[in-house]
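What follows is a set of notes on a single structure, which appears directly below.
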Amino acid sequence: MSYQKNSEVSANEYSKIWFNFWDNGTTRWDMGDVSPALRELIQDKKWELPSGQGIVPGCGRGYDAMFLARPGLRMVGADLSQLAVDAASKIRDSMGIPAEMADFQVMDFFNFDIPTSQYQVAYDYTFFCAIHPSMRADWGQRYAQILSPGAHLIALMYPLTKAEEDMERGPPFLVSEDDYHRVLDANFELIHIDPKCQTHNTRVGEEIITVWRRK
C-alpha cells in the first residue's frame, strides 16, 4: 500500500499499514544489520554520545538500538508492531545483551509518557521517511519534547533519491536536507553532517548522516 505525498490521511489510518507490513512479512526496509553510516560514526569516527538513555523510534528488529546500547547509555527500541518488538527481543537475547541495556517496547512515538529525565540520545533512520509528510512537523516537535537540552539526535537522511514514477508516493517518502531543517531548526542545531558517509551497497547516494543537538 502506498500514499500520495499530498494526500490527506489520519494518523490512525496510516499506522495500520505498518501492522499490515509486519503481518505480511513485507519488511523490505530491513537490511539485516546496523546501518554502515551509524557504525562509521560511532566506531570509526569515535563520536561521543551523551550518557543517560536513548530511543530509536520505528526500531524494527532493533539492530541499531542494540549497537548503541552500552554502559552508561540505556537504549529503548520503540515500534508500533508487537511482531517487531518480539523479533528484536529475540535477537537481543540470542546476542546475550541484557534487557535492561536494550529494551524493546510497543510504543506510539507521538503518544507515550515521557520519562522525567527525558532522553539524551535518539536515532532516526527509516522513520522520518516512513511517516506521512503531513506528520513531519509533529515529528520535529515530538523530538523537541522528548530530548533534553544538549541531547543528540542522529538522523540518517534516506531516501534522497527515488525513481521518477515514485517521487510523490510512499512510504518511503522522498526526503531532503531542507525537510529536516524545516522541522528541526527551531529547537535543534546541526552539529555534524557527512554526505559521503558509508552506506549499504543498494543505497549509495541515497543517504546522508547528520547529528543535531537539542538547544
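Because the structure is predicted, anything quoted here is derived from the model rather than measured.
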Just how far is it from atom [atom1] of [X] to atom [atom2] of [Y], taken to the nearest 0.5 Å?
{"X": "Ile146", "Y": "Asp113", "atom1": "CD1", "atom2": "CG", "result": "12.5 Å"}
{"X": "Cys59", "Y": "Asp124", "atom1": "SG", "atom2": "CG", "result": "12.0 Å"}
{"X": "Leu38", "Y": "Asp64", "atom1": "CG", "atom2": "CG", "result": "5.5 Å"}
{"X": "Arg61", "Y": "Leu83", "atom1": "CZ", "atom2": "CG", "result": "9.5 Å"}
{"X": "Gln82", "Y": "Gln105", "atom1": "CD", "atom2": "CD", "result": "11.0 Å"}
{"X": "Glu177", "Y": "Ile208", "atom1": "CD", "atom2": "CD1", "result": "6.0 Å"}

Picking from Ile209, Asp44, Val204, what satisfies side chain to side chain contact (heavy atoms under 4.5 Å, CB included) with Gln198?
Asp44
For His181, check ring-ring contact (aromatic ring centres under 6.0 Å, His included) against everything at least two apart and list the hits.
Trp212
Quick one: ring-ring contact (aromatic ring centres under 6.0 Å, His included) partners of Tyr143, sequence neighbours excluded?
Phe109, Trp139
Hydrophobic cluster identity match, [X] and [Y], side-chain contacts under 4.5 Å:
{"X": "Ile193", "Y": "Val121", "answer": "no"}
{"X": "Met95", "Y": "Phe104", "answer": "yes"}
{"X": "Phe127", "Y": "Tyr119", "answer": "yes"}
{"X": "Leu68", "Y": "Leu41", "answer": "yes"}
{"X": "Ile114", "Y": "Met107", "answer": "yes"}

Enumerate the residue pairs fulfilling salt bridge (Lys or Arg N to Asp or Glu O under 4.0 Å) with a member in residues 83-96, sequence neighbours excluded, ordered by first and then second residue.
none
Just grab all the salt bridge (Lys or Arg N to Asp or Glu O under 4.0 Å) pairs involving residues 192-202, residues at least two apart or on different chains.
Lys45-Asp194
Residue set satisfying salt bridge (Lys or Arg N to Asp or Glu O under 4.0 Å) with Arg74, at least two apart, ordered chain then number -> Asp103
Applying salt bridge (Lys or Arg N to Asp or Glu O under 4.0 Å) to Glu189 and not counting sequence neighbours gives Arg213
Look at the side chain of His132 and the backbone N and O of Ser134, then say whether any donor-acceptor pair between them is shorter than 3.5 Å.
yes
Decide yes or no for [X] and [Y]: does some side-chain heavy atom of the first lie under 4.5 Å from some side-chain heavy atom of the second?
{"X": "Asn187", "Y": "Gln141", "result": "yes"}
{"X": "Leu49", "Y": "Ile42", "result": "yes"}
{"X": "Ser35", "Y": "Glu40", "result": "no"}
{"X": "Val183", "Y": "Phe128", "result": "yes"}
{"X": "Phe110", "Y": "Met135", "result": "yes"}
{"X": "Ile55", "Y": "Phe112", "result": "yes"}

Derivation and outcome, side chain to side chain contact (heavy atoms under 4.5 Å, CB included), residues Tyr180 and Leu190
CA-CA 10 Å; Tyr180 287 82; Leu190 178 62; over 6 Å; no
Report the C-alpha separation of Met101 and Met75 in whole Å, then their side-chain angles, then the decisive distance to 0.1 Å, and conclude whether the side chain to side chain contact (heavy atoms under 4.5 Å, CB included) test is met.
CA-CA 6 Å; Met101 186 174 291; Met75 295 299 301; over 6 Å; no
Which heavy atom of [X] sits nearest to which heavy atom of [Y], and what is that distance?
{"X": "Leu147", "Y": "Ala122", "answer": "CD2-CB, 4.0 Å"}
{"X": "Ala37", "Y": "Cys197", "answer": "CB-SG, 3.8 Å"}
{"X": "Ile91", "Y": "Met66", "answer": "CG2-CE, 3.6 Å"}

Partner set under side-chain contact (heavy atoms from CB on, under 4.5 Å) for [X], not counting sequence neighbours:
{"X": "Thr116", "answer": "none"}
{"X": "Arg39", "answer": "Asp33, Val34, Gln43, Phe67"}
{"X": "Ser51", "answer": "none"}

Among all residues two or more places apart in sequence or in another chain, which pass the side-chain hydrogen bond (donor to acceptor under 3.5 Å, both in side chains) test with Gln145?
Arg142
Identify, with sequence neighbours excluded, every residue that meets side-chain hydrogen bond (donor to acceptor under 3.5 Å, both in side chains) alongside Tyr63.
Asp30
More than 12 heavy atoms from other groups under 6.0 Å of CG on Asn201
no
From CA spacing to verdict: side chain to side chain contact (heavy atoms under 4.5 Å, CB included), Asp138, Ile131
CA-CA 10 Å; Asp138 291 339; Ile131 61 174; over 6 Å; no
Take Thr199 and Glu206 through the side chain to side chain donor-acceptor pair (under 3.5 Å) test and state the conclusion after the steps.
CA-CA 8 Å; Thr199 66; Glu206 298 182 6; over 6 Å; no
Do any side-chain atoms of residues 149-161 form donor-acceptor pairs under 3.5 angstrom with protein atoms, and if so which ones, sequence neighbours left out?
from	atom 1	to	atom 2	distance (Å)
His152	ND1	Trp47	NE1	3.2
Tyr158	OH	Arg203	NE	3.3

